[in-house]
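One structure is given below, encoded as structure tokens.
Keep in mind that this is a model prediction, so the values were computed, not measured. First listed ligand is number 1; within each ligand, the first listed atom is number 1.
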Amino acid sequence: MADKKPFYITTPIYYVNDIPHLGHTYTSIACDVMARFKTLDGYDVKFLTGTDEHGLKVYQAASKAGVDTQAFVDKVSQNFRDIQPLMNLSNDDFIRTTEPRHIKAAQGIWNKLVEAGDIYLDKYSGWYAMRDEAYYGEDELTDVDGKKVAPSGAECEWVEEESYFFRLSAWREKLLAFYEAHPDFVQPEGRYNEVKSFVSGELRDLSISRTTFDWGVPVPGNDKHVMYVWIDALTNYITALGYPDTEAPDYKKFWPADYHVVGKDILRFHAVYWPAFLMAAGLEPPQCVFAHGWWTIEGQKMSKSLGNAISPHDLVERYGVDASRYFLMRHVPFGNDGNFAHEDAVNRINSDLANSLGNLAQRTLSMIHKNCDGQIPHPGEFLEADKNLLDHAQSRTLPGLRRQFDKFMIHRALEDVMHLVNEANTYIDHQAPWTLKKEDPERMKTVLYVLAETIRCLGLMMLPITPDSASKMLDQLKIPADARDFSAVSADSAIPGGTPIDKPEGIFPRIVEEEQQQAAG
Ligand code: MSP
């Protein structure tokens, strides 16, 4: 629809030298939750994810596997694509940097940078760590058995290589002015200060081509060189909009992106190099780069050698899709580091989803089904307590969620939703509809109506986080498809009395540990 506001959000594109793990899944889910929230709130959303398939690391991974590089990237990229149905991601494009549309875009931006005079050919000499695909300064190295070793532990060799350079140093003042003018460009705020202080120091020109291997986008006009993987990778965000055609409808509609969501380790590429490339090419920088933190697993760094990585498949198997999504979003303030502990996940899922929200829905709908002829009752006059809960559900919660989502504070938004759930549970305990059944059946109907209406609003507001379960809640209330967006979180769309419902089934299962099962059985 023409009058919808556009909203464009991206995940990083994932390297295909690894299999998908919790870290990748986390970024993708956070973006998905935001994308769904905005869609439900009436925006025209574009949500992009994909894979980063060039560069030395990928080339080496393929060689190690003894497979043709293209066949290797096809296979591993598919592993990332498979997360989409598995985790219920709503991305509407999946980009691969080996696609022709992307090669065209990467070469397109390169040509713009050449035209602008921001690329020059020179010689690079320095200490190069093949493993890290990075150069190090002499002062960063230590001597180990006569070898130069980088802080990462990688061995370095002295390399002299012809290389193209991007005149990053020339963009220092403009970048600083840009940050000043856009204080929300990097979030959270601590990261913004980090980026500013990095750029305030000395900015060296950036080597942006390689001649030592050829698994990359060829530099236009000089086939000896392939582009440095980061200039290639960052461009994906505009490839997907039709770049180099800046008149393409998607480019015009969605650029500049609202959010690039990235891990803190790749913030510099997104918040320094990328806006510099874009400004040099005469394009606008994105509106916000949000850097989230890193997960450890049971207190330890996730690593291949420890074999402790959690895959998205593990998550789904252990907790289910929606509960995993909920836990990851609820447990850690977005932007902070976090630790994944199985015990925390079980406790959180059981207490918030199974006991609080799930029970509320199950208790209410069972009582309605049993005591109100299987129909949502017609309410009588609302008392103060009823009006309070209805107002909280229909009017007060959503504006707060919007404020939290505008800052990407999803965990806070979930706290607000749970606050409403708790209030509804307190209400049901105070009103005690099971007692009213005998004492005042008309009043019982009003109370159950208020609860059903609260559950309807909760179902709508949980759609971004737990899409399947929230949809089931709405199915149970027989809410039509065209009344399932945030415009329906309002008294005007309140559930009509007389709506027939089926016998409800529990939606959020409790996670029962094996030991507990054995003890019980
Ligand atoms: N290919 C680059 C990104 C290019 S974007 C133009 C890349 N890929 S990656 O696969 O190595 O990492 C992708 C994302 O996963 C990064 O944002 C990184 O921060 C995130 N994570 C990797 N391990 C992580 C954790 N343990 N915890 C949270 N996120 C982590 O970098």
Side-chain angles (χ1 to χ4, degrees), residues 9-31 48-61 73 76-77 79-81 83 87 94-98 102 105-106 109 131-134 152 191 208 215-217 227-240 243 257 259-275 277-278 285-286 289-312 314-315 328-329 331-341:
I9 185 163
T10 65
T11 74
I13 46 172
Y14 304 112
Y15 279 135
V16 290
N17 60 342
D18 202 354
I19 51 168
H21 58 57
L22 178 74
H24 310 123
T25 314
Y26 179 57
T27 322
S28 291
I29 290 176
C31 290
L48 177 71
T49 187
T51 43
D52 188 354
E53 306 189 5
H54 288 130
L56 186 63
K57 277 192 215 163
V58 171
Y59 176 74
Q60 285 175 333
V73 298
V76 185
S77 174
N79 294 337
F80 282 95
R81 204 184 273 259
I83 307 182
M87 278 295 171
F94 185 97
I95 191 160
R96 301 183 54 189
T97 55
T98 48
H102 179 69
I109 197 167
R131 200 187 80 188
D132 299 347
E133 222 179 302
S152 63
R191 301 278 171 210
I208 51 164
W215 184 246
V217 179
M227 289 181 200
Y228 174 46
V229 67
W230 273 100
I231 195 167
D232 157 359
L234 288 160
T235 308
N236 91 87
Y237 301 130
I238 51 177
T239 304
Y243 189 81
Y259 280 108
H260 291 323
V261 179
V262 302
K264 61 181 182 179
D265 54 316
I266 55 172
L267 176 60
R268 191 176 293 177
F269 297 97
H270 284 83
V272 181
Y273 303 164
W274 182 224
F277 294 155
L278 286 165
V289 178
F290 196 108
H292 66 68
W294 269 48
W295 285 88
T296 47
I297 308 285
E298 308 285 346
Q300 281 183 309
K301 206 176 151 202
M302 198 165 21
S303 83
K304 272 192 190 156
S305 52
L306 286 172
N308 63 348
I310 295 185
S311 78
D314 297 334
L315 287 172
L328 293 179
M329 292 301 106
H331 189 56
V332 180
F334 204 54
N336 292 12
D337 289 336
N339 178 47
F340 190 99

(request) Under the side chain to side chain contact (heavy atoms under 4.5 Å, CB included) rule, collect the residues that match up with Asp314, sequence neighbours excluded. (result) Ile310, Ser311, Arg318
(request) Search all heavy atoms of Tyr15 against all heavy atoms of Asp52 and return the closest pair with its distance. (result) CE2-OD2, 3.2 Å
(message) I want to check something: taking the side chain as every heavy atom from C-beta on, are Trp274 and Val262 in contact at a cut-off of under 4.5 Å?
(response) no
(message) My understanding is that only residues two or more places apart in sequence, or in another chain, count here; which of them pass ring-ring contact (aromatic ring centres under 6.0 Å, His included) with Phe290?
(response) Phe334, Phe408
(request) Collect the protein residues that have a non-hydrogen atom under 4.0 Å from ligand 1 and hand them over in chain and number order. (result) Pro12, Ile13, Tyr14, Tyr15, His21, Gly23, His24, Asp52, Trp230, Ala233, Leu234, Asn236, Tyr237, Val262, Gly263, Asp265, Ile266, His270, His292, Gly293, Trp294, Trp295, Met302
(message) How close do Ile231 and Met227 get, counting heavy atoms only, and between which atoms?
(response) CG2-CB, 3.8 Å
(request) Mind checking ring-ring contact (aromatic ring centres under 6.0 Å, His included) for His102 and listing every partner two or more places apart, or none if nothing turns up? (result) none
